[in-house]
Amino acid sequence: MSHRQRLAVLAVGGGGLAVLLVLACLDLPSFGGRWHPYGDRAIRAAIARHTANTIASINFDLRAYDTLGEMSILFAAVLGCVVLLRQAHDEHRQTPEPADVAAPVRRYALLVLPVALVVGLYVIAHGQLSPGGGFQGGVVAATALHLLYLGADYRALERVRPIGVFEVMDAVAACAYVVVGLVGLLAGGSFLANTVLPYGTFNTLSSGGTVPLLNAAIGMEVASAVVVLLARFLEQAVEIEEEQGS
């Protein structure tokens with residue numbers, strides 16, 4: 001296919017997509033209105049299934065299949081980075097020397113680290129009740145560990161985040177999300193349908209049916225993925241060096 005033909009195919013596809021987007025926007029409810037067909041249905045479904053946070057209900061119940069796609073994108077991105085950033089034949093590892101850390105930075109980092117870690121875990125655990133959830137809490141928990149790199153040194157960080165363990169946790173969490181969906185199929189429902197567990201008491205940790213389980217799986221997967229991702233970049237910046245004269 002020539003360059004001109006590729007541009008023509010791109011123009012046809014892009015033009016068709018543009019037309020669909022314009023038609024969809026023309027059919028949207030008026031801005032600032034009190035009524036929205038999707039929003040009203042989502043709120044009713046969240047309340048019916050005892051999920052206080054409507055956003056969590058959408059992510060892990062009404063559109064749980066979409067969330068599986070988002071998790072798969074993150075998983076594939078981290079896997080790609082792990083493959084691309086692996087140690088090459090013309091590189092070698094050098095143990096980094098500990099650097100001096102300013103006392104205020106050390107105190108602040110070591111003081112904030114446990115607080116940030118607890119906040120991240122809290123956001124994950126209460127995702128079905130309040131704003132936040134597995135995606136946000138997972139990022140907070142993962143980055144909290146790296147305050148040890150700022151407050152101490154690289155070797156201290158290595159001791160608290162064994163990469164092999166976090167790579168396994170990432171894979172286990174991704175599989176757990178799929179397993180919850182398959183349980184719904186085995187129970188006679190549809191994939192990722194929130195029909196397996198009782199909905200519990202509204203506005204409590206045990207409410208929402210399968211929403212807390214899927215939210216926890218996402219939190220574990222995101223936290224593990226971010227830790228592995230940052231570890232590979234830190235390895236390249238701190239440990240990996242190119243062979244001289246190669």
Side-chain angles (χ1 to χ4, degrees), residues 10 13-14 16-21 23-25 27-28 36-39 41-46 48-49 51 53-85 120 123-143 166-197 208-233:
L10 177 62
L17 179 61
V19 170
L20 292 176
L21 288 175
L23 292 176
C25 290
D27 199 37
L28 287 174
H36 192 286
Y38 187 83
R41 289 182 175 89
I43 292 174
R44 286 198 297 269
R49 295 168 187 175
T51 308
N53 183 6
T54 304
I55 304 301
S57 177
I58 294 173
N59 289 337
F60 304 111
D61 187 356
L62 305 180
R63 301 186 66 175
Y65 194 80
D66 293 348
T67 303
L68 174 62
E70 296 170 8
M71 179 189 68
S72 301
I73 292 172
L74 176 60
F75 185 84
V78 173
L79 181 60
C81 287
V82 169
V83 173
L84 291 174
L85 297 178
V123 171
I124 295 174
H126 292 77
Q128 71 274 18
L129 305 179
S130 56
F135 285 103
Q136 297 84 348
V139 173
V140 173
T143 52
F166 280 95
E167 288 176 342
V168 172
M169 288 172 57
D170 189 11
V172 169
C175 292
Y177 195 100
V178 176
V179 167
V180 173
L182 293 176
V183 170
L185 281 176
L186 295 176
S190 57
F191 185 66
L192 290 172
N194 191 357
T195 56
V196 178
L197 298 177
T210 58
V211 170
L213 296 181
L214 297 177
N215 177 65
I218 288 294
M220 181 178 173
E221 198 276 335
V222 170
S224 301
V226 172
V227 167
V228 173
L229 188 63
L230 293 178
R232 296 307 179 189
F233 280 108

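Below, all heavy atoms of this structure are taken into account, side chains as well, without hydrogens, waters or symmetry copies. Treat the numbers as computed from the prediction; the structure is a model and nothing was measured. This chain uses plain numbering: 1 for the first residue, then up along the sequence.
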Asker: Give, for atom CE of Met220 and atom CZ of Phe166, the distance between the pair rounded to the nearest 0.5 Å.
Answerer: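 So the gap between those two atoms works out to 9.5 Å.
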Asker: Can you tell me how far OG of Ser224 sits from CZ of Phe75, rounded to the nearest 0.5 angstrom?
Answerer: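 Separation between the atoms: 10.5 Å.
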Asker: So which heavy atom on Ala64 is nearest to which on Leu214, and how close?
Answerer: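 That closest heavy-atom pairing would be CB-CD1, 4.2 Å.
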Asker: Quick one: side-chain contact (heavy atoms from CB on, under 4.5 Å) partners of Leu74, sequence neighbours excluded?
Answerer: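 For Leu74, the residues satisfying side-chain contact (heavy atoms from CB on, under 4.5 Å) (neighbours in sequence not counted) are Val78, Glu221, Val222, Ala225.
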Asker: Mind checking salt bridge (charged side-chain N to carboxylate O under 4.0 Å, His left out) for Arg63 and listing every partner two or more places apart, or none if nothing turns up?
Answerer: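 Counting only residues at least two positions away or on another chain, Arg63 forms a salt bridge (charged side-chain N to carboxylate O under 4.0 Å, His left out) with Asp66.
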Asker: Might you point out which heavy atoms bring Leu185 and Phe191 nearest each other, and give the distance in Å?
Answerer: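 Closest pair (atom of Leu185, atom of Phe191, distance): CD2-N, 3.5 Å.
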Asker: Might you point out which heavy atoms bring Ala173 and Ala217 nearest each other, and give the distance in Å?
Answerer: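 Closest pair (atom of Ala173, atom of Ala217, distance): CB-O, 3.5 Å.
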Asker: Return the minimal non-hydrogen interatomic distance between Ala45 and Leu62, and the atom names on each side.
Answerer: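 Heavy atoms only, the tightest pair is CB-CD2, 3.8 Å.
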Asker: Within this structure, what is the NE2-CD distance for the pair His126 and Gln128, rounded to the nearest 0.5 Å?
Answerer: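 Going from the NE2 atom of His126 to the CD atom of Gln128 covers 8.0 Å.
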Asker: Test your reading of the model: is there a side-chain donor-acceptor pair from Asn53 to the backbone of Gly127, 3.5 Å cut-off?
Answerer: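 Flag set: sc Asn53 to bb Gly127 pair under 3.5 Å.
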Asker: With rounding to the nearest 0.5 angstrom, report the CG to CG distance, Leu79 to Leu229.
Answerer: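 Rounded to the nearest 0.5 Å, the CG-CG separation comes to 11.5 Å.
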Asker: Just by modelled atom types, is the Asn59 backbone N or O under 3.5 Å from a matching donor or acceptor in the Thr67 side chain?
Answerer: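 Looks like yes, one N/O pair under 3.5 Å.
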Asker: To check you understand the geometry: which heavy-atom pair defines the closest contact between Ala142 and Val227, and what is its length?
Answerer: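 Closest approach of Ala142 to Val227, heavy atoms only: CB-CG2, 3.7 Å.
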Asker: Of all residues at least two apart in sequence or in a different chain, which pass the side-chain hydrogen bond (donor to acceptor under 3.5 Å, both in side chains) check with Asp61?
Answerer: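 Asp61 satisfies side-chain hydrogen bond (donor to acceptor under 3.5 Å, both in side chains) with Arg49, Asn194 only.
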Asker: Within this structure, what is the CZ-CG distance for the pair Phe60 and Asn215, rounded to the nearest 0.5 Å?
Answerer: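 Here the rounded value is 4.5 Å.
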Asker: Once rounded to the nearest 0.5 Å, what's the spacing between atom CD1 of Ile73 and atom CG of Leu68?
Answerer: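 The distance works out to 10.0 Å.
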